[in-house]
Number of protein chains: 2
Amino acid sequence: MLKGILLNSENYQPGLSIDCVIFGFHDNQLKVLLIKTPYENKWSLPGGFVPLNQDIDTAAVTVLNERTGMQGIFLRQFATFGRVKRNDQHFGNAVLDYFKIPEEAGKWFTQRFVTIGYYALVDFLKAVPQKGNNQEIIEWIDHKEVPELILDHKEILDKALDTLRTELNLMPVGYNLLPEKFTIPELQKLYETILDKKLDRRNFLRKITNIGILNKLDEKKSNVAHKAPNLYTFDKEKYEEVLKNGLNQGW
Amino acid sequence: MLKGILLNSENYQPGLSIDCVIFGFHDNQLKVLLIKTPYENKWSLPGGFVPLNQDIDTAAVTVLNERTGMQGIFLRQFATFGRVKRNDQHFGNAVLDYFKIPEEAGKWFTQRFVTIGYYALVDFLKAVPQKGNNQEIIEWIDHKEVPELILDHKEILDKALDTLRTELNLMPVGYNLLPEKFTIPELQKLYETILDKKLDRRNFLRKITNIGILNKLDEKKSNVAHKAPNLYTFDKEKYEEVLKNGLNQGW
DNA sequence: GTACATTGCGTCAAAATAACACACATGATA
DNA sequence: TATCATGTGTGTTATTTTGACGCAATGTAC
């Protein structure tokens with residue numbers, strides 16, 4: 001696929017790429033969808049390029065659909081990275097070598113690149129990680145155990161998480177990361193994981209329910225150790241409303 | 001200047017530009033620095049291009065320095081705009097016509113452009129708006145009276161203001177927009193203007209002083225109608241600290 | 001002086017927050 | 001079967017923060 005782009009580079013916006021930080025939540029861990037490329041022995045964020053006839057947001061959605069097989073995902077642009085030295089001659093050449101593309105033909109790829117960062121929140125269980133080609137490995141990796149990444153992808157990932165952490169104070173999070181039915185303790189773990197901070201159980205319940213985006217179901221989680229916790233769903237309508245209007249207005 | 005770039009386009013990142021929303025505050029109004037170009041009868045945001053050997057942040061700083069004659073300005077990237085149709089063939093051709101550049105040589109300029117938006121906060125009285133060339137008009141315009149802008153610049157401006165409004169809940173603002181000595185009512189007007197909302201005088205004083213970033217001076221504003229208000233400065237050190245750590249943590 | 005607008009400081013009730021106590025359910029263990 | 005450990009649901013309390021005010025002080029205009 002990348003090879004196809006390289007050979008038809010005139011159809012793509014030059015020097016511009018998209019990188020997606022795709023977050024999922026599972027086993028009380030925040031996971032990131034990463035790709036191990038065959039070109040180099042390092043991991044990378046799933047990314048892509050911008051067709052000349054496509055909006056950048058659409059290009060990001062495309063990357064996401066291709067990689068997770070999912071539609072209607074929560075996706076947000078958070079920053080654009082454009083240090084001169086973020087490009088790494090070594091990486092570019094490794095890719096060209098791999099595809100056996102001569103230097104001249106690969107010039108489009110080894111030019112300076114600026115990349116637009118998007119982060120996505122997806123339901124771990126519904127996403128089906130898709131390889132770009134057979135040599136690739138695509139995997140959910142705990143955000144605390146992310147290995148070395150190519151180029152400045154670690155910086156991009158960190159910035160994404162930082163943004164998410166900030167946005168937690170401005171908007172509700174969870175609808176996109178949790179299964180349809182979930183428990184308050186699960187939601188709390190999600191918050192704790194993102195914030196990297198312990199929260200008081202009882203105060204969390206009060207605050208989260210006061211937002212008014214939760215529906216308490218007449219149903220308890222089954223097959224669990226200890227007392228069975230209640231199940232909840234999000235009230236989609238109110239959730240969207242709070243998403244739009246924001247949480248703590250501050251002033 | 002633009003002509004120089006057009007004739008040396010191989011030294012610039014293709015299809016990528018920088019646009020700056022430069023905010024100032026004066027007469028209790030939030031002002032935006034706008035440019036009326038000679039190419040078209042419309043206003044635009046001050047912008048520029050990205051030299052191949054310059055970081056995008058540096059390119060943004062350059063635009064700002066050139067336009068305000070100021071150093072060390074508060075500058076923040078807030079979003080990147082890349083709809084396909086944000087480019088407007090009409091505008092590109094108008095510019096080429098103006099410079100009498102033949103279509104072929106101007107191809108670099110009429111290609112699809114993606115633009116990175118930065119917003120800046122500057123001290124209105126210290127900034128000295130600088131023309132790019134003699135045909136240009138550069139002016140501070142009240143944000144409530146912004147005329148029609150080229151391309152999607154209105155959208156960019158709106159997004160910048162929206163971002164600033166949100167960030168008001170996360171960080172202190174004022175150090176960059178007010179003169180060194182200022183009064184609480186002035187600071188309040190700034191907040192009210194940005195938020196487009198009236199605040200209670202007495203509650204504002206309490207909240208703003210509780211943040212701990214203000215130094216009350218033993219000095220009152222002179223030559224004013226009515227009771228002379230006290231003068232304050234920002235405690236730079238604490239201000240920076242709050243800027244870094246954020247305001248209302250929420251969780 | 002008086003009228004008027006604006007500033008500085010203070011009050012008070014309501015709401016939000018932080019810290020904590022206790023009872024309940026369930027699987028594991030004795 | 002009784003007890004324990006662990007995580008859950010609900011409630012209480014003191015403290016802090018917020019929102020909505022009152023009022024005196026200070027300056028200009030007349």
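Quick note: numbers below take in every heavy atom, side chains included, and nothing from hydrogens, waters or symmetry partners.
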Report task. For B/Lys216, report the nucleic acid contact type (base, sugar-phosphate, nothing); a contact means any heavy atom under 4.0 Å. Result -> sugar-phosphate

Query raised in the report: Has the side chain of B/Arg206 got a donor or acceptor atom sitting under 3.5 Å from an opposite partner on the base of D/dG19?
Result: yes

Requested in this report: Measure the shortest side-chain to side-chain distance between B/Asp123 and B/Leu178 over non-hydrogen atoms and say whether it is less than 4.5 angstrom.
Outcome: no

Query - Whichever of A/Lys189 and B/Ala225 has its nearest DNA chain D nucleotide further upstream toward 5' - result: A/Lys189

Query - Ring centers of B/Tyr175, B/Phe74 separated by less than 6.0 Å - result: no

Query raised in the report: Donor-acceptor pair under 3.5 Å: do we get one between B/Asn203's side chain and the base of D/dA20?
Result: yes

Report task. Find the distance between CD (A/Gln71) and NZ (A/Lys126) and round it off to the nearest 0.5 Å. Result -> 13.0 Å

Query - Polar side-chain contact B/Arg201-C/dG8 base: donor and acceptor under 3.5 Å - result: yes

Query raised in the report: Has the side chain of B/Arg202 got a donor or acceptor atom sitting under 3.5 Å from an opposite partner on the base of D/dG19?
Result: no

Query raised in the report: Going by modelled atom types, is there a donor-acceptor pair between the base of C/dT6 and the side chain of B/Lys227 at under 3.5 Å?
Result: no

Query - Distance in angstrom units between B/Asn248 CG and D/dT16 C1', rounded - result: 14 Å

Requested in this report: Provide, to the nearest angstrom, the distance between the CG atom belonging to A/Asp200 and the C1' atom belonging to D/dG7.
Outcome: 14 Å

Query raised in the report: Would you say the base of C/dT6 and the side-chain of B/His226 have a donor-acceptor pair closer than 3.5 Å?
Result: no

Report summary line: Checking D/dG9, C/dC20, D/dG27 against the side chain of B/Ala228 (C-beta onward), the nearest is D/dG27

Report task. Starting at atom OH of A/Tyr232, determine the distance to atom P of D/dT8, rounded to an integer number of angstrom. Result -> 12 Å

Query raised in the report: Between B/Lys207 (NZ) and C/dA16 (P), how many Å, whole number?
Result: 13 Å

Query raised in the report: Between A/Lys197 (NZ) and C/dA18 (P), how many Å, whole number?
Result: 9 Å

Requested in this report: Could you check how far NZ of A/Lys221 sits from P of C/dA25, rounded to whole Å?
Outcome: 20 Å

**Report entry** Separation between CG of B/Asp158 and CG of B/Leu149, rounded to the nearest 0.5 Å
**Finding:** 9.0 Å

Query raised in the report: Atom CD1 of A/Ile211 and atom P of C/dA16: how far apart are they, to the nearest Å?
Result: 12 Å

Query raised in the report: Does a side-chain N-to-carboxylate-O contact under 4.0 Å join A/Lys181 and A/Glu219?
Result: yes

Query - Whole-Å gap separating P (D/dT10) and CD1 (A/Ile184) - result: 10 Å

Query raised in the report: With sugar-phosphate meaning primed atoms plus P, OP1 and OP2, does A/Asn210 contact a base, only sugar-phosphate, or nothing at under 4.0 Å between heavy atoms?
Result: nothing

